[in-house]
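A short worksheet on the structure shown next.
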Amino acid sequence: MGTKTGQRGRYICKVGHYDIYAKDNLRPKKESKNKWVKGQVDSTEYVILHSKKTLSSGHKTKQTAIENAIELLNENYKLIYNLS
């Protein structure tokens with residue numbers, strides 16, 4: 001059974017109630033007789049989502065995405081999730 005990730009990308013982690021996904025930009029695959037060969041990963045972009053709504057995108061590293069998600073959290077949620 002397949003997954004329904006669609007345009008979101010690979011799930012990375014959860015910060016509070018925000019989800020962080022990684023979108024991979026692929027180079028075109030080389031000619032091969034095997035149809036299962038995928039292209040090589042050229043770059044990765046990290047995206048912060050809440051439910052299905054994109055809050056922030058364009059982060060180059062996982063750490064900057066996590067820091068931005070912590071900044072987006074309300075002070076009450078920071079206390080609940082023990083984030084400082």
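FYI, side chains are in, hydrogens and waters are out, and symmetry mates aren't considered; it's all heavy atoms of this structure. Sequence positions, counted from 1, serve as the residue numbers for this chain. Just so it is clear, the structure is predicted and the values come from calculations on it, not from any experiment.
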Report task. For Asn25 and Val41, run side chain to side chain contact (heavy atoms under 4.5 Å, CB included): C-alpha distance rounded to whole Å, both residues' side-chain angles, the deciding distance at 0.1 Å, then the answer. Result -> CA-CA 6 Å; Asn25 298 323; Val41 175; over 6 Å; no
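- Cluster annotation: Val15 and Leu49 are assigned to distinct hydrophobic clusters (Ile/Leu/Val/Met/Phe/Trp/Tyr, side-chain heavy-atom contacts under 4.5 Å, transitive).
- Between Arg27 and Asp42 the shortest heavy-atom distance is NE-OD1, 3.4 Å.
- Between Tyr21 and Tyr11, the ring planes lie perpendicular to each other; the angle is over 60°, past the 30° to 60° tilted range.
- Taking the side chain as every heavy atom from C-beta outward, Asn68 and Glu71 approach each other to under 4.5 Å.
- Applying the 6.0 Å contact sphere to NZ of Lys60 captures no more than 12 heavy atoms from other residues, nucleotides or ligands.
- When side chains are defined from C-beta on, Arg10 counts as touching Asp24, because their heavy atoms get closer than 4.5 Å.
- Between Val47 and the options Lys23, His59, Arg8, a side chain to side chain contact (heavy atoms under 4.5 Å, CB included) holds for only Lys23.
- Considering all non-hydrogen atoms of both residues, Tyr46 and Lys62 come closest at CE1-N, 3.5 Å.
- Leu73 and Gly16 make their closest contact through CD1-CA, 4.2 Å (heavy atoms, listed as atom of the first residue, atom of the second, distance).
- Residues Tyr77 and Leu83 fall within the same hydrophobic cluster, defined by Ile, Leu, Val, Met, Phe, Trp and Tyr side chains chained together at heavy-atom separations under 4.5 Å.
- Considering all non-hydrogen atoms of both residues, Ala22 and Thr44 come closest at CB-CG2, 3.9 Å.
- More than 12 heavy-atom neighbours from other residues, nucleotides or ligands sit within 6.0 angstrom of NZ on Lys14.
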